[in-house]
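A short worksheet on the structure shown next.
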Amino acid sequence: QVQLVESGGGLVQAGGSLRLSCAVSRRTFSSYAMGWFRQAPGKEREFVAAISWSGGSTFVADSVKGRFTISRDNAKNTVYLQMYSLKPEDTAVYYCAARPVYPEYSGTYYLSPNEYNYWGQGTQVTVSS
């Protein structure tokens, strides 16, 4: 069983920063590609950022490019989403997701929520104007 626990959400003013963390309860964390998604009230779940198993490949959505970065620390079984210059439209519940991958796909990231097998419970991010 793989468990993902997000933390770091909260209330911040526009222009502020937050760092989200997602701890994965699995010793083979490095075998998982990871992603961050978000869902605002009344909207569908939206891709935010993804990172490969190796950590060498990352991708972020156009809506957050230049403001958000994704990273991982395989020694700590944790993936991070650093968010700068937050905007009110970034307000949402943020979810991390994990997908087990074979070694030959260590450099691959995934963009669709359907490509992930495990999800955290989410952490609320609220950006006030």
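Just so it is clear, the model here is predicted, and its values are computed rather than measured. Residue numbers run from 1 in the order of the sequence given.
- Thr78 contributes no side-chain N or O that, together with a main-chain N or O of Ala23, makes up a donor-acceptor pair within less than 3.5 Å.
- Cation-pi contact between Arg45 and Tyr95: present, with separation from the ring centre below 6.0 Å and deviation from the ring axis of at most 45°.
- Counting non-hydrogen atoms of other residues, nucleotides and ligands closer than 6.0 Å to CD of Glu115 gives a total above 12.
- With Arg99 contributing its side chain and Gly35 its backbone, the two residues share no donor-acceptor pair below 3.5 Å.
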Audit row: Arg67, Lys87, side chain to side chain contact (heavy atoms under 4.5 Å, CB included) steps and yes/no: CA-CA 10 Å; Arg67 301 188 297 120; Lys87 304 176 180 179; 3.8 Å; yes

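- Side-chain atoms of Ser31 never come within 3.5 Å of backbone atoms of Pro100 as a donor-acceptor pair (strictly under, hydrogens ignored).
- Contact between Leu111 and Tyr109 at its shortest, heavy atoms only, is CD2-CD1, 3.7 Å.
- Between the side chain of Ser21 and the backbone N or O of Ser7 there is no donor-acceptor pair closer than 3.5 Å.
- For an aromatic pair to be called close, the ring centres must be under 6.0 Å apart, and Phe68 with Trp36 fails this.
- Taking each heavy atom of Thr108 and Ala33 in turn, the nearest pair found is O-CB, 4.0 Å.
- Remark: the Arg19 side chain and the Tyr80 side chain contain no N/O donor-acceptor pair separated by less than 3.5 Å.
- Of the possible polar contacts, one joining the Thr91 side chain to the Val127 backbone as a donor-acceptor pair under 3.5 Å is found.
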Does Val125 form a side chain to side chain contact (heavy atoms under 4.5 Å, CB included) with Met83? I'd like the steps, not just the answer. CA-CA 10 Å; Val125 171; Met83 305 185 293; 4.0 Å; yes

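- The OG1 atom of Thr69 sits 6.0 Å away from the OH atom of Tyr84 when rounded to the nearest 0.5 Å.
- Heavy-atom minimum distance, Ser85 versus Ser17: N-OG, 4.4 Å.
- A side chain to side chain contact (heavy atoms under 4.5 Å, CB included) with Glu6 holds for exactly one of Val79, Leu81, Thr123; it is Thr123.
- Around CD of Glu44, the count of heavy atoms belonging to other residues, nucleotides or ligands within 6.0 Å does not exceed 12.
- The SG atom of Cys96 sits 13.5 Å away from the OH atom of Tyr118 when rounded to the nearest 0.5 Å.
- In this structure, Tyr105 places its OH atom where only 12 or fewer heavy-atom neighbours from other residues, nucleotides or ligands lie under 6.0 Å away.
- In this view, Lys65 and Asp62 satisfy the salt bridge (charged side-chain N to carboxylate O under 4.0 Å, His left out) rule, not counting sequence neighbours.
- Hydrophobic clustering, with ILVMFWY side chains joined whenever heavy atoms are under 4.5 angstrom apart, groups Val2 together with Met34.
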